[in-house]
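Structure record follows, encoded as structure tokens.
The structure presented is a predicted model; accordingly, all values stated were derived computationally and were not measured.
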Number of protein chains: 2
Amino acid sequence: MPDVLYAAAEPTRRRLLQLLASGPRTVSDLASHFPVTRSAISQHLGVLAEAGLVVNRKEGRRRIYSVDPSGMASLRSETDRFWSSELDQLVADAAALASTIRSNDS
Amino acid sequence: MPDVLYAAAEPTRRRLLQLLASGPRTVSDLASHFPVTRSAISQHLGVLAEAGLVVNRKEGRRRIYSVDPSGMASLRSETDRFWSSELDQLVADAAALASTIRSNDS
DNA sequence: ACAATACGTTAGCCATCGCTAACGCATTTG
DNA sequence: CAAATGCGTTAGCGATGGCTAACGTATTGT
């Protein structure tokens, strides 16, 4: 049970999840959006599946991947747990300060 | 300019950011919360600094690290950009389905 | 049956990562 | 002044990561 956040952090896998957000896709379809081999995409999908973020069903000779909502929910909760109230506060203060600076532009 | 999300994903660095959320801390103070060497922590802090997530000021012979609010804000925006409306919808549906199942418990 | 398609799997390469051990540099303390 | 403290830096090691090339396996089309 690998760390979902760690699995989702890799740039290629992030894009894969975003592509799958619009609906189920085949491996070749997904691979066509990347400069790397289909094999590489297949391995990335394997990592995502192992982390519980995607599932796949076989349909004829194609394998169709889709997002696993429950896995994504646990990813969501883990990121929410990271953004503690203190961190949120810091970010909010930074945003307020930035807008103050902007309003001082000459 | 390394990928902020990738830099923040590493477990030790995540905890470092959470520790720093409660306020500025010295390197030794931070290192005391981990099973690894102070050198390792120092290098992790270097990665976080390079990603713009933390800053440090020298105070006597101690170096005090704190969260860089603007860097954390960009991390925040990048995670928000990841959670597209489609992904949010999937997670929300999963939560609704889960509660439906729970209410069917015997 | 045979070729083509849509995959997964594996070996192997090279880069990166996290880490420790050892050292060096400034700063404070005695 | 010398010793101690608080750090950064570096070399080097083992492990992991992402990738390609090559091959194996179902499944479909002709």
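Taking 4.0 angstrom as the limit, B:Y65 places none of its side-chain polar atoms (N or O) nearer than this to OP1 or OP2 of D:dG6. Close to D:dG17, at under 4.0 Å from its OP1 or OP2, lies no side-chain N or O of A:H44.
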Exercise for review: Under the side chain to side chain contact (heavy atoms under 4.5 Å, CB included) rule, what do A:D68 and B:L90 come out as? Steps first, then yes or no, please.
Suggested key: CA-CA 9 Å; A:D68 184 341; B:L90 287 174; over 6 Å; no

**Study point:** Candidate pair B:L17 and B:M72, rule side chain to side chain contact (heavy atoms under 4.5 Å, CB included), full reasoning
**Key:** CA-CA 9 Å; B:L17 289 174; B:M72 292 300 290; 4.2 Å; yes

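Taking atom CZ of residue B:R57 and atom C1' of nucleotide D:dG6, one finds them 15 Å apart after rounding to whole Å. Between the CD1 atom of B:I41 and the P atom of D:dC7 there is a distance of 12 Å, rounded to whole Å. Counting to the nearest Å, the C1' atom of C:dA15 and the OH atom of B:Y6 are 11 Å from each other. One atom, CG of B:L45, and another, P of D:dG6, lie 16 Å apart when rounded to the nearest Å. Separating the CG atom of B:D3 from the P atom of D:dG18 is a distance of 13 Å, rounded to the nearest angstrom. Remark: C1' of D:dT16 and CD of A:E50 are 13 Å apart, rounded to the nearest angstrom. The separation between A:R38 atom CZ and C:dT10 atom P is 14 Å, rounded to whole Å. Rounded to an integer number of Å, the gap from NZ of A:K58 to P of C:dT5 is 18 Å.
Side-chain contact check for A:N56 versus A:L45: every heavy-atom pair is 4.5 Å or farther apart. Within the 4.5 Å cutoff, side-chain heavy atoms of B:F82 are placed close to those of A:L75.
Each of A:R62 and B:E59 has a nearest nucleotide on DNA chain C; the 5'-most of these lies closest to A:R62.
In this structure, a donor-acceptor pair under 3.5 Å is present between the side chains of B:S39 and B:Q43.
Residue-to-nucleotide contacts include a donor-acceptor pair under 3.5 Å from the side chain of A:S39 to the base of D:dA21. For A:S42 against C:dT9, no side-chain N or O and base N or O form a donor-acceptor pair under 3.5 Å.
Under the 4.5 Å side-chain heavy-atom criterion for grouping Ile, Leu, Val, Met, Phe, Trp and Tyr, A:L5 is connected to B:W83 within one hydrophobic cluster.
A salt bridge does not link B:R15 with B:E10: none of the charged nitrogens is closer than 4.0 Å to a carboxylate oxygen.
Closest to the A:Q43 side chain, of the nucleotides C:dT20, C:dT10, C:dT28, is C:dT10. Ranking C:dG8, D:dG6, D:dG29 by closeness to the B:R61 side chain, first place goes to D:dG6.
Within residues 10-36 of chain A, the residues having any heavy atom closer than 4.0 Å to DNA chain D are, in order of number, A:E10, A:R13, A:V36.
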